[in-house]
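Atom set for the values below is all heavy atoms of this structure, side chains included, hydrogens, waters and symmetry mates excluded. Start at 1 and go down the list; that is how both ligands and their atoms are numbered. Owing to the predicted nature of the structure, the values given are computational and were not obtained by experimental measurement.
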Amino acid sequence: MSRLLVTGGAGFIGSNFVHHLVAHTDHHVTVLDKLTYAGNRASLADLPEDRVTFVHGDILDAGLVDELFADTDAVVHYAAESHNDNSLHDPRPFLDTNIAGTYTLLEAARRHGTRLHHISTDEVYGDLALDDPGRFTEHTPYNPSSPYSSTKAGSDLLVRAWVRSFGVQATISNCSNNYGPYQHVEKFIPRQITNVIRGIRPKLYGAGHNVRDWIHAEDHSSAVLTILERGRIGETYLIGADGEKDNKTVIELILTLMGEDAGAYDHVTDRAGHDLRYAIDSTKLRDELGWQPRYRDFEAGLADTIDWYRTHEDWWATAKDATEAFYASKGQ
Ligand code: NAD
Ligand code: DAU
């Protein structure tokens with residue numbers, strides 16, 4: 001493998017992966033990204049031009065996708081509509097990009113015999129009760145709750161069908177909630193950090209008892225590279241770093257780390273159908289492929305992330321006003 005195509009490489013996790021590839025491999029990377037509201041070329045700005053080529057385009061453009069696959073050894077597919085709240089407001093782009101877009105890539109992989117790794121989410125499994133001692137495994141039945149997670153579940157099932165029916169050389173990973181640099185300010189952690197920087201009170205949905213299993217984006221990247229290099233074709237691997245925290249704890253920690261009163265936030269309208277708890281058992285990935293997370297201290301990772309947003313206001317300032325106007329219209 002020396003030529004990699006990364007779809008959605010100008011988004012949050014995709015751009016972290018491109019940085020990881022440049023730092024840890026010799027691969028040449030081509031990024032295919034539509035630059036929706038969530039994509040940002042500035043996330044790739046400091047990377048060497050001889051290692052990274054940027055192509056502005058849509059994964060639904062079968063002709064363009066075919067051309068790029070002809071010149072690629074392997075594809076890592078991050079491109080998606082990724083935000084649950086947006087999917088409750090307007091599901092259509094989620095159906096187009098997440099389902100039809102994945103179909104377009106699978107057909108190209110089938111024609112060209114290209115190795116494909118599909119990036120997915122733990123949300124395909126639905127949610128767990130707060131007091132459930134269990135965690136998601138590769139055998140947990142699919143039970144998605146939101147328009148977003150149902151389209152991600154649909155895309156996973158397409159990948160499985162194309163492996164079995166057409167012999168496509170694909171793997172899938174389902175990861176928990178990521179945090180780190182380059183995350184859009186619509187998401188929970190960067191929204192609260194940038195609120196504090198702007199002098200706006202952070203916003204907690206409902207009572208904030210919902211639990212998310214946090215992993216640093218850099219650990220997600222190292223896990224994906226491990227699966228790409230050593231994963232067994234047709235297999236699914238769950239990615240997680242034992243980072244369960246409830247939202248109330250996280251918002252209070254952000255305020256404390258930023259030197260504010262831990263209680264200085266507002267409770268706002270809860271998300272419709274809000275999943276209670278996600279939790280990943282990543283034993284298969286760790287035992288079979290020997291992967292381990294490096295960021296085990298959430299508070300230290302969060303402090304680094306706060307520093308990044310403090311020093312990169314030019315990266316997020318434009319998106320902030322539009323994002324807050326959208327939330328205000330929903331009472332959030
Ligand atoms: P993001 O919204 O930050 O980035 C998505 C990127 O895809 C953007 O750059 C956007 O421009 C691009 N894109 C959207 N539609 C496109 C299209 N039709 N053609 C080409 N490019 C298109 O998302 P993210 O948070 O980085 O998530 C990336 C992937 O990881 C998604 O597949 C998501 O489901 C998955 N995932 C995310 C998390 C998380 O915590 N954010 C956790 C597990 C899995
Ligand atoms: O679990 C993986 C998923 O994690 C990914 O598949 C998604 O792409 C990614 O967006 C993320 O989904 P969540 O819905 O869990 O993330 P979000 O950052 O939107 O919200 C995290 C939690 O914080 C959730 O319980 C809702 C809550 N929340 C969110 C926002 C934006 C708040 O309490 N206040 C907020 O302002």
Side-chain angles (χ1 to χ4, degrees), residues 6-17 31-41 43-44 55-61 64-65 76-88 93-94 96-98 100-102 104-105 118-125 127 136 144-146 148-149 151-152 155-156 173-180 182-192 195 202-215 217 220 224 239-240 245-248 250-251 265-271 274-280 323-324 327 330 332:
V6 177
T7 72
F12 164 44
I13 312 181
S15 63
N16 274 281
F17 183 64
V31 168
L32 170 60
D33 200 294
K34 187 180 173 183
L35 296 179
T36 67
Y37 78 95
N40 192 340
R41 281 226 53 179
S43 306
L44 304 169
V55 177
H56 183 198
D58 194 326
I59 58 167
L60 284 154
D61 181 343
L64 173 63
V65 164
V76 184
H77 172 35
Y78 288 90
E81 286 293 334
S82 69
H83 194 37
N84 276 298
D85 293 322
N86 292 345
S87 80
L88 296 165
F94 291 75
D96 293 340
T97 289
N98 299 0
T102 302
T104 306
L105 299 177
H118 175 63
I119 302 293
S120 192
T121 168
D122 58 0
E123 296 194 15
V124 299
Y125 300 115
D127 61 352
F136 299 137
S145 319
S146 74
Y148 161 68
S149 53
T151 60
K152 290 300 291 187
S155 68
D156 292 8
S173 55
N174 298 79
C175 187
S176 61
N177 283 65
N178 286 222
Y179 72 101
Y182 303 111
Q183 187 169 29
H184 194 278
V185 292
E186 69 189 354
K187 301 297 197 309
F188 178 55
I189 287 180
R191 184 182 184 204
Q192 314 316 332
N195 275 355
K203 308 288 184 233
L204 186 65
Y205 291 176
H209 297 313
N210 311 65
V211 171
R212 297 295 182 264
D213 189 351
W214 294 100
I215 180 172
H220 189 180
V224 168
I239 304 174
K245 300 261 176 306
D246 68 47
N247 295 339
K248 184 171 181 296
V250 174
I251 215 165
Y265 59 88
D266 297 331
H267 292 271
V268 295
T269 311
D270 207 351
R271 175 183 286 171
H274 197 171
D275 278 343
L276 278 176
R277 173 174 161 250
Y278 307 138
I280 289 271
T323 302
E324 288 309 316
Y327 280 128
K330 307 279 163 219
Q332 294 180 318

A.B. asks: Tell me whether the rings of Phe94 and Tyr148 are parallel (<30°), tilted (30 to 60°) or perpendicular (>60°).
C.D. replies: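 Rings of Phe94 and Tyr148: perpendicular, as their planes differ by over 60°.
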A.B. asks: Just how far is it from atom CG of Asn247 to atom NE2 of His209, taken to the nearest 0.5 Å?
C.D. replies: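 Going from the CG atom of Asn247 to the NE2 atom of His209 covers 10.5 Å.
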A.B. asks: To which protein heavy atom is atom 20 (C) of ligand 1 closest, and what is the distance rounded to 0.1 Å?
C.D. replies: Lys34 N, 3.3 Å
A.B. asks: Suppose we call two aromatic rings close when their centres sit under 6.0 Å apart. Are His184 and Tyr182 close by that rule?
C.D. replies: no
A.B. asks: Looking only at N/O atoms, are Leu32 and ligand 1 under 3.5 Å apart anywhere?
C.D. replies: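 For ligand 1, there is no N or O atom that lies under 3.5 Å from one belonging to Leu32.
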A.B. asks: Is ligand 1 less than 4.0 angstrom away from at least one heavy atom of Ala10?
C.D. replies: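 Ala10 counts as a contact of ligand 1 under the 4.0 Å cut-off.
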A.B. asks: Distance to 0.1 Å, residue and atom name: give those for the protein heavy atom nearest to atom 34 (N) of ligand 2.
C.D. replies: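 Atom 34 (N) of ligand 2 sits closest to the protein heavy atom Lys203 O, 2.9 Å.
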A.B. asks: Take every heavy atom of Tyr182, measure it against each atom of ligand 1, and state whether any distance is under 4.0 Å.
C.D. replies: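 It does not; every heavy atom stays at 4.0 Å or beyond.
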A.B. asks: Phe12 to ligand 1: N or O pair under 3.5 Å?
C.D. replies: yes
A.B. asks: Can you find an N or O of Lys187 that's nearer than 3.5 Å to an N or O of ligand 2?
C.D. replies: no
A.B. asks: Tell me which protein heavy atom sits closest to atom 30 (O) of ligand 1, plus the residue, atom name and distance to 0.1 Å.
C.D. replies: Ile119 CG2, 3.4 Å
A.B. asks: Starting from atom 16 (O) of ligand 2, locate the nearest protein heavy atom and write down its residue, its atom name and how far away it is, to 0.1 Å.
C.D. replies: Asn177 ND2, 3.5 Å
A.B. asks: Could you name the option among His267, Arg271, Glu186 that has the heavy atom nearest to atom 14 (O) of ligand 2?
C.D. replies: Arg271
A.B. asks: Contact between ligand 1 and Asp33 is defined here as a heavy atom of the residue under 4.0 Å from a ligand atom; is it met?
C.D. replies: yes
A.B. asks: Check this for me: does any side-chain nitrogen of one of Asp127 and Arg277 sit under 4.0 Å from a carboxylate oxygen of the other?
C.D. replies: no
A.B. asks: Is there a polar contact, in the sense of an N or O pair closer than 3.5 Å, between Trp214 and ligand 2?
C.D. replies: no
A.B. asks: If you measure from each heavy atom of Lys152 to ligand 1, is any distance below 4.0 Å?
C.D. replies: yes
A.B. asks: How close does the nearest protein non-hydrogen atom get to atom 2 (O) of ligand 1, and which residue and atom is it?
C.D. replies: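 Closest protein heavy atom to atom 2 (O) of ligand 1: Ser82 OG, 2.7 Å.
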A.B. asks: For the backbone of Ser173 and the side chain of His118, can you confirm whether one donor and one acceptor N or O come within less than 3.5 Å of each other?
C.D. replies: no
A.B. asks: So for ligand 1, is Ser120 a polar contact partner (N or O within less than 3.5 Å, distance only)?
C.D. replies: no
A.B. asks: Would you kindly check if the NZ (Lys) or CZ (Arg) of Arg191 is within the cone defined by 45 degrees around the ring axis of Tyr327 and under 6.0 Å from the six-membered ring centre?
C.D. replies: yes
A.B. asks: Taking N or O atoms only and a 3.5 Å limit, does Tyr205 qualify as a polar contact for ligand 2?
C.D. replies: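 Indeed, backbone or side chain, Tyr205 has an N or O that close.
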A.B. asks: What protein heavy atom lies closest to atom 8 (O) of ligand 2? Include the residue and the distance to one decimal.
C.D. replies: Ser82 O, 2.8 Å
A.B. asks: Any salt bridge between Arg271 and Asp85, counting N to O under 4.0 Å?
C.D. replies: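 Yes, this pair counts.
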A.B. asks: N/O to N/O below 3.5 Å, does that happen between His274 and ligand 2?
C.D. replies: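 Yes: some nitrogen or oxygen of His274 is under 3.5 Å from one in ligand 2.
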A.B. asks: Tell me whether Ile59 has any N or O atom under 3.5 angstrom from an N or O of ligand 1.
C.D. replies: yes
A.B. asks: Taking distance alone, with N or O pairs closer than 3.5 Å, would you say Asn178 contacts ligand 1?
C.D. replies: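 Right, the criterion is met.
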A.B. asks: Can you check whether Asn247 has an N/O within less than 3.5 Å of an N/O in ligand 2?
C.D. replies: yes
A.B. asks: In the protein, what heavy atom is nearest to atom 42 (C) of ligand 1, and what distance, to one decimal place, separates them?
C.D. replies: Ser176 O, 3.2 Å
A.B. asks: Does ligand 1 have an atom that lies less than 4.0 angstrom from a heavy atom of Thr7?
C.D. replies: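 Under 4.0 Å: no for Thr7.
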A.B. asks: Do any nitrogen or oxygen atoms of Arg191 come within less than 3.5 Å of a nitrogen or oxygen of ligand 2?
C.D. replies: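 Yes, at least one N or O pair falls under 3.5 Å.
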A.B. asks: Flag Asp122 as yes when one of its N or O atoms lies below 3.5 Å from any N or O atom of ligand 2, and as no otherwise.
C.D. replies: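 Looking only at distances, the answer is yes, because the N/O contact criterion of under 3.5 Å is met.
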A.B. asks: Which label fits Tyr125 and Phe136: parallel for a plane angle under 30°, tilted from 30 to 60°, or perpendicular past 60°?
C.D. replies: tilted
A.B. asks: Polar-atom distance check: Tyr278 versus ligand 2, any N or O pair below 3.5 Å?
C.D. replies: no
A.B. asks: Under 3.5 Å, N or O to N or O, is Lys187 touching ligand 1 that way?
C.D. replies: no
A.B. asks: Strictly distance-based, threshold 3.5 Å: is any side-chain N or O of Thr104 a donor or acceptor partner for the main-chain N or O of Ala100?
C.D. replies: yes
A.B. asks: If you measure every N/O of Phe188 against every N/O of ligand 2, is any gap under 3.5 Å?
C.D. replies: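 By distance alone, the answer is yes.
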A.B. asks: Using heavy atoms and a 4.0 Å limit, tell me yes or no: is Gln332 in contact with ligand 2?
C.D. replies: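 Per 4.0 Å heavy-atom rule, Gln332 does not contact ligand 2.
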A.B. asks: Which residue supplies the protein heavy atom nearest to atom 15 (N) of ligand 1, what is that atom called, and how far is it?
C.D. replies: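 Result: Thr97 CG2, 3.5 Å.
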A.B. asks: For atom 39 (C) of ligand 1, what's the nearest protein heavy atom and its distance?
C.D. replies: Ile13 CD1, 3.6 Å
A.B. asks: Does any N or O atom in His220 lie less than 3.5 angstrom from one in ligand 1, N or O only?
C.D. replies: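 In fact, backbone or side chain, His220 has no N or O that close.
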A.B. asks: Short list, please: which atoms of ligand 2 are under 4.0 Å from a heavy atom of Tyr148?
C.D. replies: 5 (C), 6 (O), 7 (C), 8 (O)
A.B. asks: Which option out of Leu35, Val224, Asp58 puts a heavy atom nearest to atom 17 (C) of ligand 1?
C.D. replies: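 The residue whose heavy atom sits nearest atom 17 (C) of ligand 1 is Asp58.
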A.B. asks: Considering heavy atoms of the protein only, find what lies nearest to atom 34 (O) of ligand 1 and give residue, atom and distance to 0.1 Å.
C.D. replies: Tyr148 OH, 2.6 Å
A.B. asks: Do ligand 1 and Asn40 have nitrogen or oxygen atoms that lie under 3.5 Å from each other?
C.D. replies: no
A.B. asks: Any N/O of Gln183 closer than 3.5 Å to an N/O of ligand 1?
C.D. replies: no
A.B. asks: For Asp122, which part has a heavy atom under 4.0 Å from ligand 1: side chain, backbone, both, or neither?
C.D. replies: neither
A.B. asks: Cation-pi check for Tyr278 against Arg212: NZ or CZ below 6.0 Å from the six-membered ring centre and within 45 degrees of the axis, yes or no?
C.D. replies: yes
A.B. asks: Quick check against the 3.5 Å criterion: does Asn16 have a side-chain atom that pairs as donor or acceptor with the backbone of Phe12?
C.D. replies: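 Confirmed, Asn16 side chain pairs with Phe12 backbone.
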A.B. asks: Taking Ile189's backbone N and O only, do any of them form a donor-acceptor pair with Gln183's side chain (distance below 3.5 Å, no angle check)?
C.D. replies: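 No.
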A.B. asks: Considering the heavy atoms of Gly57, write down every atom of ligand 1 situated less than 4.0 Å from one of them.
C.D. replies: 19 (N), 20 (C)
A.B. asks: Do ligand 1 and Asn177 have nitrogen or oxygen atoms that lie under 3.5 Å from each other?
C.D. replies: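 For ligand 1, there is no N or O atom that lies under 3.5 Å from one belonging to Asn177.
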A.B. asks: Do Thr121 and Asn174 get their side chains close enough for a donor-acceptor pair, meaning under 3.5 Å?
C.D. replies: no
A.B. asks: Which residue holds the protein heavy atom closest to atom 28 (C) of ligand 1, what is that atom called, and what is the gap in Å?
C.D. replies: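 Checked against all protein heavy atoms, atom 28 (C) of ligand 1 sits closest to Tyr78 O, 3.5 Å.
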A.B. asks: Which atoms of ligand 2 have any heavy atom of His83 under 4.0 Å away?
C.D. replies: 19 (O)
